[in-house]
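For reference, positions follow the sequence shown, starting with 1.
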Amino acid sequence: MWKQILNKIPRKHQKSDRDQTRNPNLVPNLPSPGSGRVNAANSVAKRASAAVFPSSVIAGIEPLLAFKDVPSSEKMNLFISKLSLCCVVFDFTDPAKNVHEKELKRATLLELLDFVSQNPPKFSEPAVLASCKMCSINLFRVFPPNYRSSNTSSSENDNDDEPTFDPAWSHLQIVYDFLLKLVTSTSLEAKVAKKYINHSFILKIIDLFESEDPRERDCLKAILHRIYGKFMIHRPFIRKCLSNVFYRFVFETEKHNGIAELLEIFGSVITGFALPLKEEHKIFLWRALIPMHKPKSLGVYFQQLSFCVTQFIEKEPKLASTVIDGLLKYWPITNSQKEVMFLSEVEEILEVINMAEFQRVMVPLFLRFKQCINSYHFQVAERALFLWNNDQIVNLIAHNRQIILPIIFPALEVNAQNHWNHAVLNLTLNVRKMISEMDEALFLACISSYQKELEKSNLVVEKRKQVWKRLENAASLQPITENTAVLVTH
């Protein structure tokens with residue numbers, strides 16, 4: 001099939017040579033095997049190795065020999081030649097343009113992927129350089145402004161819109177797979193590769209997480225995770241770059257397509273933190289992760305963020321009270337969906353918190369729970385009452401019932417008498433019954449205290465009415481003069 005395709009493509013070697021002479025920058029700066037290296041195979045290899053493929057003008061592409069057709073000593077040279085061939089980038093916005101060349105490049109990329117996957121010999125430094133250059137040319141690109149900010153003036157509900165898919169994905173996917181196989185290959189030595197998979201390369205990888213294509217972000221997530229695992233020297237830099245992305249998202253833009261994937265990577269990084277935690281890790285928790293509860297788009301990355309926070313607390317339980325204080329600081333008052341998420345995260349934290357840390361935050365926490373129980377949004381009230389279905393939380397409440405029950409009981413009484421939702425009403429009665437069984441004497445004391453407070457509030461309301469009535473009567477008895485303001489009622 002390749003020969004049939006090649007016969008249709010015009011040969012323009014002389015013109016290409018002239019182009020190379022006029023503009024040597026058009027030729028990829030990669031070492032490639034000379035024509036003499038593959039003379040023993042056939043004459044087609046000579047034409048292929050001498051071909052020039054500038055990215056601006058594509059006259060035609062000839063694929064190199066298959067790896068099976070060259071001796072083992074020449075395979076790495078052929079590998080570099082194929083990488084040089086794949087440095088040409090095509091325009092995929094026009095499907096009818098360069099169809100044959102695109103297919104040939106795709107076939108060559110698949111050859112390269114297969115070669116890297118089959119446990120090749122140790123990659124030489126020129127091979128690593130050529131690999132990184134090919135990946136850089138094909139992957140690293142700047143997204144247009146309208147691509148980045150298409151949802152700038154849209155509502156938060158636009159997160160449910162269908163994502164944008166890159167038309168060049170048929171090539172990009174293979175390049176991503178190639179890079180992943182290269183990084184994970186035992187034939188790639190970190191001490192050689194770190195010179196080319198450097199800070200600049202990693203920073204551009206992180207910038208690509210702005211892509212709107214979820215398939216691309218998934219590939220980037222796997223690659224960045226593997227780079228973090230293989231190159232220990234780059235770990236502090238990667239953490240710093242991720243922190244900067246999160247800071248910019250929270251305090252400046254509140255818009256980034258890859259926050260969920262970056263948090264997922266960082267969640268796996270947290271699991272590998274040594275104990276005791278370094279101060280820089282705690283600062284990241286306080287300054288980045290906790291403020292990330294503030295943006296309206298929390299629902300997009302809430303699961304990954306909650307996992308990261310929980311991992312920190314499991315590593316160092318003393319951080320639980322700090323996290324809860326932060327959640328109370330950013331608690332959403334007017335966004336019921338976020339409030340339900342906050343309640344879910346607090347429940348996860350309370351499942352792993354120790355008694356000392358719980359006692360530090362229980363009063364402000366249950367004052368917030370009290371307001372949630374009385375919420376007119378039934379999902380918020382229902383989620384707050386569901387906390388009593390958790391045995392660990394009930395155990396914490398039982399050990400501190402002398403302080404917690406007097407805070408919660410008035411909210412339960414108000415719900416039992418006035419709440420409009422039957423499900424919330426039934427849950428309220430169940431929690432009320434649980435409290436009575438937990439400590440009947442304290443329950444009766446709470447009832448008595450609530451009734452006294454209710455009588456006091458009724459007395460205050462009655463006194464206020466009487467004061468206003470006296471003021472109205474006094475105003476009606478005064479004579480009206482020419483400059484006296486008069487309240488007219490209809």
Problem set entry | Heavy-atom closest contact (L412 atom, L385 atom, distance) | CD2-CD2, 4.0 Å
Problem set entry | Straight-line distance of I223 CD1 to I202 CD1, nearest 0.5 Å | 12.0 Å
For this session: Report the C-alpha separation of S344 and R383 in whole Å, then their side-chain angles, then the decisive distance to 0.1 Å, and conclude whether the side chain to side chain donor-acceptor pair (under 3.5 Å) test is met.
Result: CA-CA 8 Å; S344 299; R383 190 65 188 84; 3.3 Å; yes
Seminar exercise, completed: Contacts of F79 meeting ring-ring contact (aromatic ring centres under 6.0 Å, His included) (sequence neighbours excluded), chain-then-number -> F115, F123
For this session: Compute the centroid of each ring, for H281 and then for F273, and state whether the two points are separated by less than 6.0 Å.
Result: yes
Seminar exercise, completed: Distance col, row I393:CD1 vs L350:CG, nearest 0.5 angstrom, shows 4.5 Å
Problem set entry | Test log, rule side chain to side chain contact (heavy atoms under 4.5 Å, CB included), inputs L305 and L289 | CA-CA 7 Å; L305 177 60; L289 291 185; 3.9 Å; yes
Exercise. Got a sec, which pairs hit side chain to side chain donor-acceptor pair (under 3.5 Å) with one end in residues 319-328, sequence neighbours left out?
Worked result: S321-E357, S321-R360
For this session: Would you confirm whether K230, through its side chain, and L188, through its main-chain N or O, come within 3.5 Å as a donor-acceptor pair?
Result: yes
Exercise. Which atoms form the tightest heavy-atom contact between S375 and H419, and what is the distance?
Worked result: O-NE2, 3.0 Å
Problem set entry | Electrostatic pair K294-E254, nearest N-O below 4.0 angstrom | no
For this session: Side-chain contact test, heavy atoms from C-beta onward, threshold under 4.5 Å: evaluate it for I137 versus V89 and give yes or no.
Result: yes
Exercise. Has I233 got more than 12 heavy atoms of other residues, nucleotides or ligands less than 6.0 Å from its CD1?
Worked result: no
For this session: Just grab all the salt bridge (charged side-chain N to carboxylate O under 4.0 Å, His left out) pairs involving residues 192-206, residues at least two apart or on different chains.
Result: E125-K195
For this session: Enter the distance from N421:CG to Y376:OH here, rounded to the nearest 0.5 Å.
Result: 13.0 Å
Problem set entry | Contacts of F342 that satisfy ring-ring contact (aromatic ring centres under 6.0 Å, His included) - sequence neighbours left out | H293, W331
Problem set entry | Passing candidate, salt bridge (charged side-chain N to carboxylate O under 4.0 Å, His left out) with E111, options K82, R106, K105 | K82
Problem set entry | Smallest separation among heavy atoms of E382 and A423, with atom names | OE2-CB, 3.8 Å
Exercise. Closest heavy-atom contact between A127 and L83?
Worked result: O-CD1, 4.0 Å
For this session: Write out all pairs satisfying salt bridge (charged side-chain N to carboxylate O under 4.0 Å, His left out) with one or both partners inside residues 416-431, taking only residues at least two apart or from two chains.
Result: none
Problem set entry | Pairs where residues 174-183 contributes a residue and the test side chain to side chain donor-acceptor pair (under 3.5 Å) is met, not counting sequence neighbours | Y176-E216
Under 3.5 Å, which donor-acceptor pairs do the side chains of residues 460-468 form with other protein atoms, sequence neighbours left out?
none

Seminar exercise, completed: Here the pair of heavy atoms bringing A416 nearest to L429 is CB-CD2, 4.2 Å
Exercise. Which pairs with one or both residues in residues 258-281 pass salt bridge (charged side-chain N to carboxylate O under 4.0 Å, His left out), sequence neighbours excluded?
Worked result: R217-E261, K221-E264, R239-E280
Exercise. With sequence neighbours left out, what residues match H399 under ring-ring contact (aromatic ring centres under 6.0 Å, His included)?
Worked result: none
For this session: Decide yes or no on side chain to side chain contact (heavy atoms under 4.5 Å, CB included) for F178 and S131, but give the supporting numbers first.
Result: CA-CA 9 Å; F178 170 84; S131 300; 3.8 Å; yes
For this session: Check each of L112, N138, L179, L113 against I174 using the side-chain contact (heavy atoms from CB on, under 4.5 Å) test, and report the only one that passes.
Result: L113
Exercise. For S268 and H225, what are the C-alpha separation, side-chain angles and deciding distance, and is it a side chain to side chain donor-acceptor pair (under 3.5 Å)?
Worked result: CA-CA 8 Å; S268 62; H225 188 212; 3.2 Å; yes
Problem set entry | Contact summary for F249 and P295, nearest pair of heavy atoms | CE2-CG, 3.8 Å
Exercise. Do F369 and F366 have their ring centres less than 6.0 Å from each other?
Worked result: yes
Problem set entry | Listed once per pair and sorted, the side chain to side chain donor-acceptor pair (under 3.5 Å) pairs that draw on residues 432-444, sequence neighbours left out | R401-D439, E413-R432
For this session: Taking atom CZ of R287 as the centre, report whether more than 12 heavy atoms of other residues, nucleotides or ligands fall under 6.0 Å from it.
Result: no
Exercise. Under 6.0 Å from the CD atom of Q303, do we count more than 12 heavy atoms belonging to anything else shown?
Worked result: no
Exercise. Residues in salt bridge (charged side-chain N to carboxylate O under 4.0 Å, His left out) with E453, at least two apart?
Worked result: none
Problem set entry | Partner residues of Y247 under the ring-ring contact (aromatic ring centres under 6.0 Å, His included) criterion, sequence neighbours left out | none
For this session: Pick out which of Q173, R141, H171 makes a side chain to side chain donor-acceptor pair (under 3.5 Å) with D166.
Result: R141
Problem set entry | Short side-chain donor-acceptor distance under 3.5 Å, N198 and S200 | no
For this session: Give a yes or no on whether K122 atom NZ has more than 12 heavy-atom contacts from other residues, nucleotides or ligands under 6.0 Å away.
Result: yes
